[in-house]
Amino acid sequence: LKMRREVKEIMATLEEQLDEVKGILDKAITEITGKIGELMQQIADLQASLGNLTPEQQAKLDAVKAAAKAIDDVVPDVPA
């Protein structure tokens, strides 16, 4: 009986810790998704002005595209 109680306590603690980690991961996913959205909007804004870009703007566009690609490569795709 005592061992059963200890196992239940351990499992309850584990569940709490897993819930905490899940919360952290959910927050991170939300933040990452938001950042990707911001980068994608910057890319769209810059692409809308293509043809009118200065070399500096083109360099910034290339840097933003590279940053978006790097983030996308790190974050696994969500199944459709």
Check residues 4-21 and write down every donor-acceptor pair under 3.5 Å in which the side-chain atom is one partner and the other belongs to a residue at least two apart or another chain.
{"unit_1": "Thr13", "atom_1": "OG1", "unit_2": "Glu9", "atom_2": "O", "d": "3.0"}

For residues 59-70, dump all side-chain donor-acceptor pairs below 3.5 Å to protein atoms at least two apart in sequence or in another chain.
{"unit_1": "Asp62", "atom_1": "OD1", "unit_2": "Gln58", "atom_2": "NE2", "d": "2.9"}
{"unit_1": "Lys69", "atom_1": "NZ", "unit_2": "Asp73", "atom_2": "OD1", "d": "2.9"}
{"unit_1": "Lys69", "atom_1": "NZ", "unit_2": "Asp73", "atom_2": "OD2", "d": "3.3"}

For residues 38-45, which side-chain donor-acceptor pairs fall under 3.5 Å, sequence neighbours excluded?
{"unit_1": "Gln41", "atom_1": "NE2", "unit_2": "Asp45", "atom_2": "OD1", "d": "2.6"}

